[in-house]
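What follows is a single structure, written as structure tokens, with notes after it.
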Amino acid sequence: MIRTQHLSRKFGTMTALDDVNIHVKPHEATVIMGGSGSGKTTLLRLLASLECPTSGNIYFSDESLVGIRQKRLYELRAKMGMVFQYSALLNSLSVFENVAFPLREHTDLDDFIIQTIVTMKLEQVGLRGFEHMMPSQLSGGMAKRVAFARAIAMDPEVVFFDEPTSGLDPISAGVISNMILDLTKKAKMTSIVVTHDVHAGLDIADHVILLWQGKVIMEGTSDMIRNSDDARVLQFIEGRPDGPIPFSRSETAFVDDLMHKPGTVRMG
Amino acid sequence: MMNMVEKQSMMVQWLGGLGRWCLQSIEKVGDASVLSAVSLAHLFKRPWQGKHFVLQIYALGVGSLIIMAITGAFTGMVLALQGYYTLAKFGSESLLGSGVALSILRELGPVLGALMLIGRAGSSITAEIGIMRVTEQLDALQMMAINPHARVILPRIIATTLALPLLVSIFDVIGLAASYVVGVELLGVNSGAFLGEMVAKVVPMDLYAGWLKALCFGFLVGVICTYMGYRAEPTTEGVAHATTQAVVISSVSILILDYVLTSFFL
């Protein structure tokens with residue numbers, strides 16, 4: 001469905017992704033995991049073609065997304081949906097209008113049909129009856145569910161999720177995870193999920209990609225990740241502060257900083 | 001005391017900084033031109049965004065109406081007062097009507113109207129687009145295959161361009177009426193002389209010049225404010241900075257463009 005070839009992305013001198021080669025199979029939930037700053041969101045944005053790679057290529061159904069014409073990209077995006085980390089609902093529109101937005105823009109369906117589809121999608125995410133609320137009146141979990149309903153309004157082939165459970169209470173997080181599972185197993189959509197929530201990620205994943213410092217350090221099924229003996233993988237899934245993945249990003253010694261030795265970085 | 005080498009080094013640093021600022025400014029002007037040109041190209045593409053133009057004109061125009069009316073009224077009143085005391089020294093109070101009318105129609109209407117539009121609508125355009133950037137709403141539009149240039153930027157440029165001449169017309173009418181009240185009713189200038197001189201000295205070209213200025217100013221405000229919002233750094237501080245910059249740059253640009261246009265029309 002989607003694959004990358006030697007994908008790299010740099011921001012100035014910082015390398016966010018380095019030679020990433022992945023393959024997302026159709027009708028599967030692919031979960032991209034890794035610590036903060038490991039390049040997960042950058043990879044997701046590249047796959048969704050919201051950013052351009054520094055080098056390498058991305059293929060959507062064997063069609064390259066790099067250098068693609070905007071008109072063609074927009075045609076392909078009719079097959080994509082995305083749930084953003086902070087929901088990205090259009091503030092000036094009600095819940096109903098947010099979910100109806102892609103339908104109004106890309107179809108000639110009459111209002112009655114649109115109303116029916118929106119009601120079905122809102123029922124799917126458990127928010128039927130909240131149509132007239134504005135995004136500012138919603139809790140984080142509700143906003144995410146509305147964003148979910150909007151992402152699937154056009155019945156896309158692939159849905160991208162950026163940290164779908166972050167900042168949510170366990171119940172809301174569980175509901176969102178179940179919805180992603182249903183989407184993949186029942187509706188046969190392809191899900192690409194970026195998360196650092198290990199348990200939720202491993203529970204919904206058919207395929208897991210683990211990133212560290214912009215590189216893929218392991219991929220496979222959830223069981224393969226759970227049973228891995230790679231110290232970096234173990235440290236990540238067990239959430240231990242000590243191990244090969246350093247908690248501190250400082251390049252200078254702590255003692256040197258405290259003693260104000262020359263050459264150390266000063267704050268402010 | 002600085003020696004010669006230190007002075008030269010400081011001068012080189014200062015010139016280097018000036019050069020960098022010039023290059024960055026040219027780059028930004030180029031970027032804004034490309035962004036607005038790309039957005040304007042959507043005027044000729046389907047789907048036609050007419051509904052969004054009307055909504056934006058309504059939002060910006062109606063929202064700025066009261067501030068425009070108040071500014072117009074007090075500008076006309078102050079002009080009448082100042083003009084009367086100046087003209088009275090030469091015994092030419094009868095010229096008050098034409099003096100006030102020419103000042104408002106050719107200069108003060110378009111310029112003050114544009115400055116009010118910047119404060120009332122321009123800053124909100126920048127902040128709104130900047131917040132759309134921060135909250136990933138622009139990315140969400142992209143993911144829904146909706147072009148932000150066509151949907152977000154173009155309607156706002158069109159709205160400021162078309163709304164400002166209409167608002168300036170209202171500013172002019174209210175300003176002239178207020179100057180009549182102060183000049184004729186309060187200061188005792190002859191009503192016939194006030195209106196007669198106004199009709200005699202004001203030609204259609206004065207009106208057209210004012211409207212053309214308003215059209216150009218409206219376009220410039222739209223381009224600058226949408227650009228600053230669209231390219232705002234996606235942080236709260238970035239949006240605040242972009243909004244301030246949009247107001248400052250738009251205001252200064254209006255005054256510079258006013259001088260250029262006035263030199264053509266005179």
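Side-chain atoms are counted along with the backbone in the values below, which use heavy atoms only and exclude waters and symmetry mates. Just so we're on the same page: letters track the sequence lines, and every chain starts at 1. Please read all numbers here as calculations on a predicted model, not as lab measurements.
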Neighbour count above 12 (heavy atom, 6.0 Å) for A:Tyr86 OH: no
Step through the shown structure and confirm whether more than 12 heavy atoms of other residues, nucleotides or ligands are within 6.0 Å of CZ on A:Arg128. no
Do the side chains of A:Tyr74 and B:Ile146 get nearer than 4.5 Å, heavy atoms only? no
Please determine, among B:Thr135, B:Asn147, B:Leu141, the option with the most heavy-atom pairs under 4.5 Å with chain A. B:Asn147
Please determine whether side-chain contact (heavy atoms from CB on, under 4.5 Å) holds for the pair A:Phe84 and B:Gln137, giving the CA-CA distance in whole Å, both sets of side-chain angles, and the decisive distance to 0.1 Å. CA-CA 9 Å; A:Phe84 288 85; B:Gln137 290 179 54; over 6 Å; no
List the atom of B:Glu136, the atom of A:Gln85, and the distance in Å for their closest heavy-atom pair. OE1-N, 3.8 Å
So, taking the atom named CG in B:Asp139 and the one named CD in A:Glu51, what distance separates them when rounded to the nearest 0.5 Å? 8.5 Å
Heavy-atom pairs under 4.5 Å with chain B: which of A:Glu75, A:Met154, A:His106 has the most? A:His106
Atom CD1 of B:Ile66 with >12 non-hydrogen neighbours under 6.0 angstrom: no
Does B:Met11 CE have over 12 foreign heavy atoms under 6.0 Å away? no
So which part of A:Leu73 gets closer than 4.5 Å to some heavy atom of chain B, the side chain, the backbone, both or neither? neither
Identify the two heavy atoms, one from B:Ala140 and one from A:Ala88, that lie closest to each other, and give their separation to 0.1 Å. CB-O, 3.8 Å
Please round to the nearest 0.5 Å and tell me the distance separating atom CD of A:Gln70 and atom CD of B:Gln142. 6.5 Å
CZ-CE distance between A:Arg77 and B:Met144, expressed to the nearest 0.5 angstrom: 11.0 Å
Go through the atoms of B:Leu138 and report whether side chain, backbone, both or neither lie under 4.5 Å from a heavy atom of chain A. neither
Does atom CZ of A:Phe11 have more than 12 heavy-atom neighbours from other groups under 6.0 Å away? yes
Heavy-atom proximity to chain B below 4.5 Å, by part of A:Leu90: both
Gap between atom OG of A:Ser92 and atom CD of B:Glu128 - 0.5 Å precision: 7.0 Å
Does atom CG of A:Asp108 have more than 12 heavy-atom neighbours, drawn from other residues, nucleotides or ligands, at distances under 6.0 Å? no
